Amino acid sequence: MSRFQFSVGPWNVHSGADSYGPATRDEIPFEEKVKKFAELGFSAVQFHDDDAVPNINNLSEEEIKAEARKVKALLDRYGLKAEFVAPRLWMDPHTIDGGYMSSCEKDREFAMWRSYRSIDIANELGCDKIVLWLAREGTLCAETKSPVESTRRLIEAIDKMLDYDKKIKILIEPKPNEPIDRSICGTIGHVMGVSAATKDPSRVGGLLESAHAILAGLDPSHEIGFAMAMGKLWGVHLNDQNGIKFDQDKTFGVENLRQAFNQIKVLVENGYGKNGEYVGLDVKAMRTTKTEDSYKHLENSLRIAKALEEKAERFDYSFQKKCVESRDFEALEMYVMDLLMGLK
Ligand code: 3MF
Ligand code: MG
Ligand code: MG
């Protein structure tokens with residue numbers, strides 16, 4: 001039995017194609033995904049605003065809330081909670097050059113409108129978290145924006161969300177690049193800085209995605225640890241990434257098993273989940289995966305996370321202490337390798 005409660009977003013199960021190839025896998029209806037998530041043992045579902053309310057731009061505020069209530073009823077039917085709602089600003093033509101940091105005032109207003117609607121949807125779904133993946137909040141051409149003004153615009157936008165709803169928590173999900181070239185808020189350290197600059201830092205924290213840390217050339221377990229030391233790790237997106245190249249969202253642990261182990265270990269050691277936080281997955285199927293295997297990467301990620309949790313529990317802290325005191329790091333490293341290879 002895992003100590004963790006796991007969550008997943010509907011976008012983790014997706015029709016397949018890359019930019020250069022033919023389509024593989026069919027689109028699966030939303031309710032079928034939700035049913036399967038419950039069967040696989042997930043406790044909660046993560047949402048983009050338009051996962052919950054498709055066609056959001058063309059509905060009134062009341063219509064949006066009514067649609068969200070239908071989704072809540074569906075989740076209840078399968079015994080699942082909602083973890084968070086994230087405004088999907090990056091897919092909209094209004095926010096092609098950023099939302100909160102766009103150079104166009106109308107587009108900034110649109111980004112706020114979608115953020116307020118995301119908060120409304122979260123309230124209807126019974127969750128208190130908004131996730132801001134700041135996908136296009138940066139530059140493709142560096143001279144288009146002032147990094148100072150852009151950072152201030154982000155803080156201002158978050159302040160407005162905090163004013164709009166006095167209970168909502170804002171989780172920034174940092175990523176250093178992709179789809180833009182240079183982000184303004186690329187790592188958990190940036191997130192902590194932005195949090196401190198808002199009008200209510202106690203309601204602004206972070207969600208760390210393994211692959212995003214790897215893309216920044218950082219160790220995800222240290223990013224997790226840094227946020228936990230500040231009491232501000234309120235979500236994770238476990239996945240994996242083979243080096244600094246295109247965004248891969250691989251099955252958790254398949255590329256960097258030792259780093260994956262250390263992510264689970266730091267979560268276990270510091271009581272992640274005790275305040276109701278979920279261990280979220282953000283994984284994609286391989287481009288070659290067939291329709292009948294549409295959930296395999298989720299099953300495999302859960303299996304690996306749970307196996308690593310069991311290894312973290314067995315971690316021999318007295319041996320570690322001995323090695324550290326005698327500065328025998330070679331022995332400690334080999335012990336970790338043996339543990340991961342199943343020899344300990
Ligand atoms: C991109 C991501 C996103 C976010 C999601 C929720 C599509 O690299 O990680 O997944 O996690 O939009 O914030
Ligand atoms: Mg990602
Ligand atoms: Mg993510």
Side-chain angles (χ1 to χ4, degrees), residues 6-16 18 33 44-54 56 82-92 95 98-100 111 114-115 117-119 121-122 125 127 129-138 154 157-158 161 168-183 185-188 191 204-216 218 220 223-224 227 233-252 254-256 263 277-285 297-298 301 305:
F6 291 91
S7 68
V8 61
W11 65 89
N12 283 218
V13 178
H14 50 102
S15 46
D18 59 55
K33 292 183 189 177
V45 181
Q46 315 162 3
F47 288 92
H48 294 121
D49 51 357
D50 57 356
D51 290 324
V53 183
I56 185 169
E83 181 189 12
F84 66 69
V85 179
R88 184 151 33 192
L89 297 179
W90 55 95
M91 291 299 274
D92 200 284
T95 41
Y100 313 120
R114 286 284 292 263
S115 305
R117 300 298 71 78
S118 295
I119 294 172
I121 296 169
L125 295 181
C127 66
K129 292 185 178 117
I130 293 295
V131 166
L132 305 181
W133 169 43
L134 303 169
R136 296 188 183 277
E137 310 296 355
L154 174 62
I158 293 174
M161 290 176 224
I168 204 76
K169 293 201 181 82
I170 318 277
L171 283 61
I172 302 176
E173 179 181 349
K175 187 176 184 184
N177 58 275
E178 248 215 343
I180 39 115
D181 188 6
R182 301 167 188 83
S183 306
C185 183
T187 69
I188 276 289
V191 171
V204 184
L207 179 151
L208 190 277
E209 174 165 320
S210 327
H212 297 179
I214 295 168
L215 285 171
L218 297 169
E223 291 283 275
I224 288 174
L233 187 80
W234 302 338
V236 290
H237 269 170
L238 299 186
N239 60 8
D240 212 346
Q241 167 79 28
N242 174 22
I244 302 176
K245 51 179 80 164
F246 67 93
D247 201 358
Q248 297 179 317
D249 297 334
K250 287 191 167 191
T251 294
F252 180 56
V254 294
E255 289 292 338
N256 301 284
Q263 289 172 69
E277 303 93 350
Y278 294 98
V279 172
L281 300 181
D282 197 357
V283 290
K284 291 204 169 61
H297 58 305
L298 292 176
S301 294

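Residue numbers start at 1 and run along the sequence shown. Each ligand, and each atom within it, is numbered from 1 in the order the structure gives. Predicted model, so just to flag it, every value in this text is computed and none were measured.
- The protein heavy-atom contact nearest to atom 7 (C) of ligand 1 is W11 NE1, 3.7 Å.
- Interface atoms of ligand 1 facing V131, defined by a heavy-atom separation under 4.0 Å, are 13 (O).
- The shortest N/O to N/O separation between W90 and ligand 1 does not fall below 3.5 Å.
- For K33, the NZ atom is densely surrounded, since the number of other residues' heavy atoms within 6.0 Å is greater than 12.
- Using a 4.5 Å cut-off on side-chain heavy atoms (C-beta onward), L171 and I130 make no contact.
- Each of the following atoms of ligand 1 lies closer than 4.0 Å to a heavy atom of D247: 8 (O).
- Side-chain atoms of L89 and Y100, non-hydrogen and from C-beta on, do get closer than 4.5 Å to each other.
- Interface atoms of ligand 1 facing H48, defined by a heavy-atom separation under 4.0 Å, are 5 (C), 6 (C), 12 (O).
- Residues L125 and F47 have side chains in contact (heavy-atom distance under 4.5 Å, counting atoms from C-beta outward).
- Each of T251, N12, D247, D249 was compared with N239 under the side-chain hydrogen bond (donor to acceptor under 3.5 Å, both in side chains) criterion, and only D249 meets it.
- The closest side-chain heavy-atom distance from F84 to K169 is not below 4.5 Å.
- Between atom 9 (O) of ligand 1 and the options K175, H237, E209, the minimum heavy-atom separation is to E209.
- Inclusion of D282 in the set of residues having an N or O under 3.5 Å from an N or O of ligand 1 is warranted.
- Side chain to side chain, Q46 and H237 meet the donor-acceptor criterion of an N or O pair below 3.5 Å.
- Judged by distance alone, the side chains of S210 and Q263 do bring a donor and an acceptor atom under 3.5 Å apart.
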* Asked: Could you go step by step and tell me if D49 and R114 meet the salt bridge (charged side-chain N to carboxylate O under 4.0 Å, His left out) rule?
  -> CA-CA 8 Å; D49 51 357; R114 286 284 292 263; 2.6 Å; yes
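- A heavy-atom distance below 4.5 Å is found between the side chains of E209 and E173.
- Residue W133 has no N or O atom closer than 3.5 Å to an N or O atom of ligand 1.
- In summary, the aromatic rings of H48 and W90 are positioned with their centroids under 6.0 Å apart.
- Take the Mg ion (ligand 3) and draw a sphere of radius 2.8 Å; the protein N/O/S atoms inside it number 4.
- With a 4.0 Å cut-off on non-hydrogen atoms, E178 does not touch ligand 1 at all.
- When the options E173, K284, H212 are ranked by their closest heavy atom to atom 13 (O) of ligand 1, first place goes to E173.
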